[in-house]
Asks: 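The structure that follows is given in the form of structure tokens.
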Number of protein chains: 2
Amino acid sequence: MRCNRLHVNGLPATSRRGILREWWHKVRGQTVAAERKGGVTISQVAKEAGVARSSVSRAYTRPDMLSPETVERIKAAASRLGYVPNHTARALSTGRYGNVALIVPDVANPFFPPMIRAAQVEADRSDFCVFLGNSDEDPQKEDQLLGRFSGQVEGIILASPRLSDERIAAHALLRPLVLINRDVKGIPKVLIDSGTGIAEATQHLADFGHRNIVYVSGPSTSWSNKQRRAAVRRASRKLGLELSFVSASVPSFEAGLQAVDAILAKGATAAIAFDDLTAQGILAGLGKRGVSVPGEFSVVGCDDALGPLTVPSLTTVSSRSIEAGKLAVSLLLEVLESRAVRDASYVLETHLIVRSTTGKAP
Amino acid sequence: MRCNRLHVNGLPATSRRGILREWWHKVRGQTVAAERKGGVTISQVAKEAGVARSSVSRAYTRPDMLSPETVERIKAAASRLGYVPNHTARALSTGRYGNVALIVPDVANPFFPPMIRAAQVEADRSDFCVFLGNSDEDPQKEDQLLGRFSGQVEGIILASPRLSDERIAAHALLRPLVLINRDVKGIPKVLIDSGTGIAEATQHLADFGHRNIVYVSGPSTSWSNKQRRAAVRRASRKLGLELSFVSASVPSFEAGLQAVDAILAKGATAAIAFDDLTAQGILAGLGKRGVSVPGEFSVVGCDDALGPLTVPSLTTVSSRSIEAGKLAVSLLLEVLESRAVRDASYVLETHLIVRSTTGKAP
DNA sequence: CTGTTAGCGCTTTCAA
DNA sequence: TTGAAAGCGCTAACAG
């Protein structure tokens with residue numbers, strides 16, 4: 001009974017097909033019908049089980065609406081045919097995709113992977129798949145990704161966007177949107193408040209007798225950067241420290257390395273970097289110039305992206321990126337469920353993690 | 001964790017809607033119709049442009065079939081309404097999803113992000129979106145993800161799968177599949193041959209006078225682990241080194257840290273670790289026990305996941321994960337295009353990168 | 001409880 | 001070059 005149906009339409013199958021089919025049977029033990037393009041449809045199952053198509057549908061979505069035996073019979077027929085519900089068709093019909101998108105500026109920046117992972121896990125718990133987008137720190141690209149995704153996802157999470165407030169707001173009207181580390185009015189967000197940690201860092205340096213420090217800033221369109229910059233400024237003023245700025249526009253090891261000359265030229269004895277990657281670059285540059293850390297110079301990073309993994313281990317500000325990823329997803333799902341724009345902000349505070357790259361001023 | 005401020009703007013939902021709509025007009029100047037569920041449809045554009053729905057469709061998919069003015073008129077109407085083609089509906093109709101999935105064991109393992117990024121970029125070049133899956137090093141989870149994705153993607157890339165050959169083969173029948181760092185007969189794959197690099201590493205240690213070394217192995221289901229293990233074994237035998245094994249079943253900093261006692265107990269003077277994360281953990285553990293590196297003990301990692309970023313910088317084996325990601329995608333797209341299972345294997349060779357964690361045997 | 005009947009938004013023959 | 005119409009596979013009223 002299994003194999004006959006497809007042969008009836010006459011055309012001799014190529015021998016290649018034959019081989020494939022045999023293998024199929026060995027591996028899965030399913031009927032030939034399943035070999036077709038996409039797969040078995042609801043109609044075939046309906047016919048096989050002798051019920052209406054809607055009943056098959058219900059067997060999967062609202063089994064409680066059917067008699068147990070019917071469900072049983074349908075499921076049996078389905079598995080006999082190797083039926084798998086078509087996600088896409090379902091989405092078209094319900095308007096629910098069961099997908100969310102996550103867009104980050106750079107997957108390879110160690111700040112993001114833990115966040116991505118957390119988001120992925122959380123989405124999975126609610127049976128959502130996640131699209132990942134990498135904007136390469138480019139607003140244009142970000143905009144483009146947003147557009148491409150928005151047709152097939154329930155909602156979007158935008159992490160550390162480099163896009164303008166206006167464009168973000170525009171997209172937020174098309175799809176539920178949740179922001180991470182960006183504050184746009186009316187849009188739900190998760191903010192990692194590195195300000196608190198940065199303030200502690202500044203205090204920490206002052207305690208060690210540093211009087212002249214520099215903040216090595218990150219991307220100009222980054223909310224986090226603005227926030228951190230403001231925090232050092234505020235704290236320095238309060239503590240009477242001399243503060244100057246050096247800019248490393250892209251957060252990377254390279255950028256930090258290249259910033260070292262400028263940093264040293266400022267006559268500072270300590271630097272607070274936009275992030276750990278930059279800090280690590282600075283450390284490398286300092287080493288290359290024979291400046292010892294923390295003996296002659298102190299460095300603090302931000303985001304605790306590398307953990308205690310490096311030597312000397314980096315004094316940094318905790319990041320909470322894992323919680324942020326998880327929260328963003330659950331916030332998004334909540335918004336989706338309530339179908340209302342909850343203008344919520346979760347703020348995660350941070351603190352200084354003292355390790356080995358800071359010490360007494362020389 | 002200090003205090004998390006949760007601030008929710010508490011306007012009643014109804015009045016918010018009014019405000020939202022007004023804002024909409026300000027920001028985008030679009031019609032209220034666009035506010036509806038998903039967005040503007042082909043029919044609305046058709047009406048606006050005074051043409052048939054099919055023409056609107058053609059304006060996007062086969063503009064050459066239409067007169068230039070008609071296309072123009074349609075595009076104009078479309079942008080006036082803010083029309084965006086519905087990816088899902090299109091997929092249902094054509095059977096082409098325009099998506100690929102990438103499944104990795106652990107996004108947060110620094111080996112993968114560069115690969116993910118490369119894959120993402122390459123897919124993007126051909127206008128494909130990528131689903132990201134994180135299996136958490138769990139075969140079950142991997143299987144599950146495979147199932148969930150397969151209904152909405154063109155093809156799947158499985159990086160360093162922990163799944164059995166049988167299950168992989170089974171999935172390969174349902175969807176085009178490309179493997180990274182796994183060798184299953186009949187399935188196209190990209191292999192990073194760390195064997196060459198590992199052999200060099202062993203030679204390097206022998207040159208430094210080490211006679212007793214240990215290989216700290218990774219996940220038992222990992223193809224790369226088998227390959228590396230075999231490579232050290234082969235090289236050690238050839239060089240007449242004494243070799244023992246310690247197992248760190250999950251590749252992580254933690255696992256490396258915990259393996260140190262066992263390593264020291266073997267009486268070895270050098271260790272080759274499954275990957276850089278593990279190596280870094282070993283380094284930390286050694287430091288904790290006051291064993292100096294490379295003075296008293298040499299360590300070599302694998303995958304060059306951390307670059308020269310750490311201090312002392314890790315002697316390791318190059319990884320080529322970026323090329324692997326890129327290749328895997330282009331291989332997959334090629335398979336999709338030709339609709340034939342090209343049983344291709346790309347093999348990327350590696351080499352030793354000598355940095356600062358290896359030295360003369362004590 | 002279950003079947004019938006419309007669609008979801010788009011593509012794709014087939015005619016005109 | 002364009003339009004009409006028939007689906008893609010599934011869900012969701014609305015009747016029985």
Side-chain angles (χ1 to χ4, degrees), chain A residues 33-34 36-75 77-78 81-99 148 150-154 174-175, chain B residues 33-34 36-75 77-78 81-99 150-154 174:
Chain A
R36 277 198 15 177
K37 194 186 77 182
V40 185
T41 76
I42 211 176
S43 308
Q44 303 176 42
V45 178
K47 198 190 296 174
E48 173 85 10
V51 297
R53 285 155 52 219
S54 46
S55 293
V56 179
S57 172
R58 287 193 271 256
Y60 285 86
T61 53
R62 236 184 291 310
D64 49 293
M65 281 183 67
L66 298 174
S67 81
E69 310 98 61
T70 313
V71 175
E72 193 51 49
R73 190 149 41 94
I74 293 174
K75 294 270 187 180
L81 297 178
Y83 168 73
V84 178
N86 182 318
H87 198 101
T88 307
R90 191 201 300 256
L92 184 57
S93 178
T94 58
R96 267 194 298 284
Y97 301 92
N99 299 146
R148 173 147 35 288
S150 86
Q152 41 190 339
V153 300
E154 227 68 29
L174 298 177
R175 294 269 154 228
Chain B
R36 279 197 12 177
K37 197 183 75 184
V40 184
T41 76
I42 213 175
S43 307
Q44 303 175 42
V45 177
K47 196 192 297 175
E48 173 85 10
V51 297
R53 285 155 54 216
S54 45
S55 294
V56 179
S57 172
R58 286 193 270 256
Y60 284 86
T61 53
R62 240 185 287 311
D64 49 293
M65 282 183 66
L66 263 37
S67 82
E69 309 101 57
T70 314
V71 175
E72 191 53 47
R73 192 149 40 96
I74 293 174
K75 294 271 186 178
L81 297 180
Y83 169 73
V84 178
N86 182 320
H87 202 102
T88 306
R90 190 200 301 255
L92 181 58
S93 184
T94 60
R96 267 193 299 285
Y97 301 93
N99 298 146
S150 86
Q152 41 189 339
V153 300
E154 226 69 29
L174 299 176

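We name chains A, B, ... by the order of the sequence lines, and we start the count at 1 in each one.
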Asks: T70(A) side chain: which of dC8(C), dT4(C), dC1(C) is closest?
Replies: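 Nearest nucleotide to the side chain: dC1(C).
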Asks: Under 3.5 Å, side-chain donor or acceptor atoms of residues 61-75 of chain A against the rest of the protein: list the pairs with distances, not counting sequence neighbours.
Replies:
| unit_1 | atom_1 | unit_2 | atom_2 | d |
| --- | --- | --- | --- | --- |
| T61(A) | OG1 | S57(A) | O | 3.1 |
| S67(A) | OG | T70(A) | N | 3.2 |
| S67(A) | OG | T70(A) | OG1 | 2.6 |
| R73(A) | NH1 | A49(A) | O | 2.8 |

Asks: May I have the distance from K47(A) (atom NZ) to dG9(D) (atom P), rounded to whole angstrom?
Replies: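 These atoms are roughly 13 Å apart.
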Asks: So, taking the atom named CG in L92(A) and the one named OH in Y97(A), what distance separates them when rounded to the nearest 0.5 Å?
Replies: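 So the gap between those two atoms works out to 7.5 Å.
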Asks: Show me the pairs that pass side chain to side chain donor-acceptor pair (under 3.5 Å) and involve residues 81-91 of chain B, at least two apart or across chains.
Replies: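 Every pair satisfying side chain to side chain donor-acceptor pair (under 3.5 Å) with a residue in residues 81-91 of chain B: there are none.
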Asks: Respond yes when some side-chain nitrogen or oxygen of T88(A) is under 4.0 Å from OP1 or OP2 of dG9(D), and no when none is.
Replies: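 It does not, given that no N or O in the side chain of T88(A) lies less than 4.0 Å from OP1 or OP2 of dG9(D).
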Asks: Which angle, rounded to 10°, do you find between the first-five-pair axis and the last-five-pair axis of the helix from dC1(C)-dG16(D) to dA16(C)-dT1(D)?
Replies: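 The two end axes of the helix from dC1(C)-dG16(D) to dA16(C)-dT1(D) meet at 30°.
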Asks: Would you please name every residue forming a salt bridge (Lys or Arg N to Asp or Glu O under 4.0 Å) with E48(B), sequence neighbours left out?
Replies: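 For E48(B) the salt bridge (Lys or Arg N to Asp or Glu O under 4.0 Å) partners, ignoring immediate neighbours, are R80(B).
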Asks: Taking side-chain hydrogen bond (donor to acceptor under 3.5 Å, both in side chains) as the definition, give me every residue that meets it alongside R58(A), ordered by chain and number, with sequence neighbours left out.
Replies: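 Once residues adjacent in sequence are excluded, the partners of R58(A) under the side-chain hydrogen bond (donor to acceptor under 3.5 Å, both in side chains) criterion are S54(A).
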Asks: Using side-chain hydrogen bond (donor to acceptor under 3.5 Å, both in side chains) as the criterion, list what pairs up with S150(A), not counting sequence neighbours.
Replies: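 Result, side-chain hydrogen bond (donor to acceptor under 3.5 Å, both in side chains) vs S150(A): none returned.
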Asks: Go through the structure and list residues passing salt bridge (Lys or Arg N to Asp or Glu O under 4.0 Å) with R148(A), not counting sequence neighbours.
Replies: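 Salt bridge (Lys or Arg N to Asp or Glu O under 4.0 Å) list for R148(A), sorted by chain: D124(B), D127(B).
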Asks: L81(B) has an atom CG; how far is it from atom C1' of dG9(C), in whole Å?
Replies: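 Rounding to the nearest Å, CG of L81(B) and C1' of dG9(C) are 15 Å apart.
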Asks: In whole angstrom, give the distance that lies between atom OH of Y97(A) and atom P of dT11(D).
Replies: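 About 15 Å, once rounded to whole Å.
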Asks: Does the protein touch nucleotides 10-16 of chain C at the base, only the backbone, or not at all? Give it as B, S and - per nucleotide, heavy atoms under 4.0 Å.
Replies: BBBB---
Asks: In whole Å, what is the span from the CD atom of Q152(B) to the C1' atom of dC8(D)?
Replies: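 Between C1' of dC8(D) and CD of Q152(B): 16 Å.
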Asks: Strictly by ring-ring contact (aromatic ring centres under 6.0 Å, His included), give each pair with a member in residues 39-59 of chain B just once, sequence neighbours left out.
Replies: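 Not a single pair qualifies under ring-ring contact (aromatic ring centres under 6.0 Å, His included).
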Asks: What is the distance, to the nearest angstrom, from the CD atom on Q44(B) to the P atom on dC8(C)?
Replies: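 Atom CD in Q44(B) sits about 11 Å away from atom P in dC8(C).
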